[in-house]
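Residue numbering restarts at 1 for every chain, and letters A, B, ... go by the order of the sequence lines. It should be emphasised that the depicted structure is a prediction, and the values quoted were computed from it without experimental measurement.
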Protein chains: 2
Amino acid sequence: MAATMKDIARLTGLGLATISSYFNGGNVREKNRVKIEKAIEELHYEVNEVARGLKTNATKTIGVVIPELNNIFCAEIITGMEDILRSHGYATIVCDCRTDKKLEQEAVEFLIRRRVDGIINMPVDETGAHLKRFQKTGKPIVLIDRKIQGISCDSVLVDNKKAAEDAMQLFIEKGHRKIGIIGGPEGIFTAEERLEGYYTALKKAGIPIKNSLVYHGDYTIQGGVRGLEELVRENPDMTAVFVTNYEMTMGAMIGVNELGIQIPEQLSVIGFDNLQFARACRPKLTIVSQPTDRIAREIARIILEHLEKKEERSEEPFMEKLQTEIMEGKSVSILNR
Amino acid sequence: MAATMKDIARLTGLGLATISSYFNGGNVREKNRVKIEKAIEELHYEVNEVARGLKTNATKTIGVVIPELNNIFCAEIITGMEDILRSHGYATIVCDCRTDKKLEQEAVEFLIRRRVDGIINMPVDETGAHLKRFQKTGKPIVLIDRKIQGISCDSVLVDNKKAAEDAMQLFIEKGHRKIGIIGGPEGIFTAEERLEGYYTALKKAGIPIKNSLVYHGDYTIQGGVRGLEELVRENPDMTAVFVTNYEMTMGAMIGVNELGIQIPEQLSVIGFDNLQFARACRPKLTIVSQPTDRIAREIARIILEHLEKKEERSEEPFMEKLQTEIMEGKSVSILNR
DNA sequence: CTGAAAGCGCTAACAA
DNA sequence: TTGTTAGCGCTTTCAG
């Protein structure tokens with residue numbers, strides 16, 4: 001059995017309050033401080049955060065609910081966040097809900113039972129129903145990457161529409177007009193925004209929209225493979241494809257390889273995220289790159305702000321929108337019209 | 001403030017023990033069961049796992065300490081484990097120690113304070129010093145992928161030596177004799193085993209070892225890039241390279257691309273892990289593939305076994321060794337001697 | 001089957 | 001500054 005504060009009290013002859021005070025930054029007489037530290041050493045004492053959590057009604061734990069840990073965008077954000085949160089004494093419980101609304105709901109309930117101090121969520125259920133119960137606790141919720149309807153809370157987003165517009169702009173400048181898109185699942189915020197950017201850019205350039213050029217994918221590698229295959233099959237005259245997330249970009253490259261298509265001679269491609277992957281492609285892929293690091297830092301900052309100073313609650317929800325960047329490779333050809 | 005069992009007791013007129021018994025699968029009179037359930041509904045009661053944890057001295061939480069969440073091998077294993085553990089009611093606190101021994105040590109202490117019921121660790125410190133303290137609690141430790149010296153506990157490993165031998169065997173069969181290797185960091189168990197396999201295969205084939213063909217990398221993408229560049233520079237006659245983890249494989253492909261090397265005409269390559277990446281390479285990469293899914297399931301199974309039935313402790317440490325598989329692509333040429 | 005009561009390890013008044 | 005004490009919400013004897 002682990003040592004407790006009582007053991008320290010007994011060993012030092014001091015009262016519990018003194019020990020507690022020592023641990024919580026109170027003033028303790030130098031002589032006693034030394035005694036306590038010696039006892040800690042001897043007993044191998046480690047604070048029991050469980051007991052502390054029960055007493056203070058704060059577990060120093062925050063829950064993270066994401067659609068897929070294998071998704072590299074999620075993994076990178078979590079890595080960054082966890083680092084910061086832990087350095088502030090917060091533990092992170094990550095729940096991967098496999099892009100399943102029911103599992104997402106269960107994950108939130110699981111976290112409620114564990115009395116986490118806050119939840120960070122990249123939501124699958126766009127109605128936000130799964131967060132209703134947690135929000136009633138008055139504890140903070142921060143949304144990553146996706147807005148939802150029913151819940152008013154802080155969020156860190158990416159300017160997806162602009163991201164897509166930028167990519168399309170690049171294609172259009174280089175003379176492309178038959179441009180396909182491998183989009184994300186319907187109902188997902190980022191997917192809709194990116195698609196909107198696609199349409200807007202075409203409209204601005206006066207290029208008519210063609211339905212067969214729009215493939216509705218599912219943000220998975222297999223979806224990317226299928227998307228590329230279908231777009232190529234349905235549109236023999238297509239000269240360029242924009243792929244709207246990393247997994248599908250990898251899938252599209254698999255498709256390109258397996259069909260033996262030459263990039264950029266036969267097809268120009270702009271992908272999404274993971275600069276290292278883009279470098280590993282032949283030729284180097286042009287991509288839209290999201291600032292995952294910034295996102296991670298902002299999320300951590302926001303939730304820590306809520307957690308540390310409890311005053312400023314119930315203000316306007318804060319929404320931060322970060323910009324993406326295009327990293328040019330050699331996967332876009334210049335078309336002579 | 002959240003509802004407590006007391007509130008349920010008050011609302012139903014029952015005693016605390018009855019409510020507790022209800023939650024813990026005891027027998028409760030049908031009539032009371034209904035009453036309790038109604039009260040739960042009304043009060044939006046959710047069990048407080050913190051209080052339960054304090055009382056039962058079991059937090060239903062397990063800590064996971066890994067070198068790098070961004071490492072895809074880690075991420076996949078964790079995803080698989082977390083899924084299983086959560087479905088058994090266990091939360092997972094993942095600590096990414098950034099391949100830093102000091103951070104690894106801190107992570108373990110952090111988890112001790114939170115009184116996790118067990119630790120799963122892919123160790124960075126090969127002496128195991130960081131686990132000593134936790135082991136004294138008598139709670140289970142399971143090691144992933146790497147053995148360590150000082151600690152006797154269960155582990156799930158991969159037959160790394162055989163994996164490397166198989167890859168080398170493939171090269172040798174196809175007529176390669178000047179084969180380079182991009183190895184992992186010294187002191188890391190898997191890296192040493194893979195290197196050993198490399199040497200063994202060469203010896204068996206009667207091929208002399210050449211030091212300039214052995215690059216000591218660090219399991220990072222950048223390390224892979226540098227490794228490939230250096231091997232190519234130092235060994236103009238090298239015909240094949242074996243890369244010993246996924247990140248370095250990606251790095252090697254970046255290097256190959258940036259140097260404009262043709263695979264497999266100018267250089268044959270066998271990489272490691274991530275079949276999807278291998279498919280996305282042109283030409284499709286031949287890789288050694290580790291059974292991440294199996295590893296995840298085995299780890300979860302082992303720790304759950306320890307956690308559920310506490311009898312069979314202090315037995316012989318259980319070591320499981322899983323086999324890898326070669327997934328053939330088109331990145332290895334047949335050499336006519 | 002159910003109720004009363006003790007106590008897990010800690011914090012936070014309050015008193016000294 | 002330090003000691004005493006009362007809980008935080010739950011489980012778990014022990015009676016009834």
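- Judged purely by atom type and a 3.5 angstrom limit, B/D145 has no side-chain atom pairing as donor or acceptor with the backbone of B/L157.
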- Query: How would nucleotides 7-16 of chain C be written as a contact map, 5' to 3', with B for base contact, S for sugar-phosphate-only contact and - for no contact, using protein heavy atoms under 4.0 Å?
  - Reply: BBBBB-B---
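- Rounded to the nearest 0.5 Å, atoms CD1 (A/I299) and CZ (A/R294) are 11.5 Å apart.
- Contact annotation for B/V50: no contact, since no heavy-atom pair falls under 4.0 Å across all strands.
- Computed from coordinates, the A/R113 CZ to D/dG9 C1' distance equals 16 Å when rounded to whole Å.
- Judged by a 6.0 Å distance limit and a 45° cone about the ring axis, B/K147 is not positioned over the six-membered ring of B/F189.
- Atom pair A/N57:CG and D/dG7:P shows a separation of 16 Å (rounding to whole Å applied).
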- Decide salt bridge (charged side-chain N to carboxylate O under 4.0 Å, His left out) for A/R133 and B/E46; before the verdict, give the C-alpha distance in whole Å, the side-chain angles of both, and the deciding distance to 0.1 Å. CA-CA 10 Å; A/R133 180 74 69 91; B/E46 294 275 0; 3.2 Å; yes
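- Under 3.5 Å, the side chains of A/Y22 and A/E37 contain a donor-acceptor pair of N or O atoms.
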